[in-house]
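When a ligand or atom number is given, it counts from 1 through the structure's own listing order. Throughout, numbering of the chain's residues begins at 1 and tracks the sequence.
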Amino acid sequence: MRVYNFSAGPAMLPIDALNVAQSELTDWQGSGMSVLEVSHRSKSFVACAAETEALLREVMSIPTGYRVLFLQGGASGQFDAIPLNLTAPGATVDFFKTGQWSAKAIKAAQAQQLQVNVVADRAESNYTDTPAADSFTIDPDAAYVHYTPNETIGGVEFGYIPETGDVPLVADLSSTILSRPIDVSRYGLIYAGAQKNMGPSGLCVVIVRDDLLGKARPGTPSIWNYQAMAEADSMLNTPPTFGIYLLGLILKWVRDLGGLSAMAERNQAKAAALYDYLDASDYYSNPVAADSRSWMNVPFLQANPELDKAFVEQATAAGLTNLGGHRSVGGMRASIYNAMPLEGVEALIDFMTDFETRNR
Ligand SMILES: *Cc1c(COP(=O)(O)O)cnc(C)c1O
């Protein structure tokens, strides 16, 4: 029996893609082997990786002039790799601080000897909103501007792309990539760990504009060096082969459902159903400002927080799993990535209504 898995990541994946992977697992493309067992240098796997990249370019409408890299080390690895690749020690960078993931990225940049200028810090709202689009000033001499379009823990999302002039914009899209169309041309660099919307953990996708390649600090480890990885088609060493394969299956699923605009419609409908329910309730609530609410991660509180454990346990028994809030936030959190169907959100709402009736 499949459950509705509301985990923030690794997260629910589309059953159609999992079924294809299952059917091919022991004999991939007539090789008599699984894709887990073939050489990354084999013709068939090199073609598989090229197809995944082509699908990503098609689905995301990635313009020419950008490289796609399939790396390891997760999004967290990029917190360090980005400074190493784009800056010299002592350079100034601008960061938006809107929650825990951007805070971690800031710490890593500081550890890489960058002068971090925080252009907006939403601590005063306890990270429940995003800065107004006209409320910050970008340093025109900054090496780059970094932001986290979707803060997975707080459930806070930017409703706009920050205007940064000629300064390259860098975005941690880990928990929102593939959830809707995005204008890649607005960015210098996009990175995302796969385990939210793209596939299994262990794969990190980097999309980087050509002019940002070739600037790595001397001594940058080669597997973190964008230029070296780009020249080797991400195969300087053994890449995360299964992740690249499964990302390809998931991209086909996205494409066949109508691409990112269809994803946006599905995701908006799911999020609207849940937020409308929360807003109409006098038992449950969501703390995030209306214009900054995430389509992907929905934290919520109940009037009797001492019942949070019971809520999570009873939800699990009802086939609605991983609803516990992040340990730093408390309450509950429903992550409703691409693979979560509307029926899953409706089942959650039904459960919430029932739980309230039994407990208020
Ligand atoms: C999950 C997540 C990360 C961390 O990803 P890892 O692959 O575990 O390093 C970073 N940023 C955001 C926005 C995330 O959601």
J.: Using a 4.0 Å heavy-atom cut-off, which part of S76 comes near ligand 1: side chain, backbone, both, or neither?
T.: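 For S76, the contact with ligand 1 is made by both the backbone and the side chain.
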J.: Please confirm whether G74 comes within less than 3.5 Å of ligand 1 when only nitrogen or oxygen atoms on both sides are compared.
T.: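 Such a contact does not occur with ligand 1.
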J.: Which residue and non-hydrogen atom of the protein lie closest to atom 11 (N) of ligand 1, and at what distance in Å?
T.: D172 OD2, 2.6 Å
J.: Assert yes or no for the condition that the ring centre distance of F45 to H40 is strictly below 6.0 Å.
T.: no
J.: Is the distance between the ring centroids of Y66 and Y187 under 6.0 Å?
T.: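 When the ring centroids of Y66 and Y187 are compared, they turn out to be at least 6.0 Å apart.
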J.: Please list the nearest protein heavy atom to atom 15 (O) of ligand 1 with its residue and the distance rounded to 0.1 Å.
T.: T152 OG1, 2.4 Å
J.: Answer with yes or no whether N150 contacts ligand 1, where contact means a heavy atom under 4.0 Å from a ligand atom.
T.: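 Checking ligand 1 against N150, which is what was asked, there is a heavy-atom contact under 4.0 Å.
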J.: Measuring from atom 8 (O) of ligand 1, which candidate in K104, Q195, K196, Q100 has the nearest non-hydrogen atom?
T.: Q195
J.: Do Y245 and E24 have side-chain N/O donor and acceptor atoms under 3.5 Å apart?
T.: yes
J.: Quick check with a 6.0 Å cut-off and a 45 degree axis cone: is K107 positioned over the face of W101's six-membered ring?
T.: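 K107 over W101 ring: no.
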J.: Is it the case that atom CD in Q22 sees more than 12 heavy atoms from other parts of the structure closer than 6.0 Å?
T.: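 Atom CD in Q22 is not packed in, count stays at 12 or less.
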J.: Looking only at protein heavy atoms, identify the closest one to atom 5 (O) of ligand 1 and say how far it is in Å.
T.: A75 CB, 3.6 Å
J.: We want to know whether E151 and S102 form a side-chain donor-acceptor pair, criterion being a heavy-atom distance below 3.5 angstrom.
T.: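 Judged by distance alone, the side chains do pair up.
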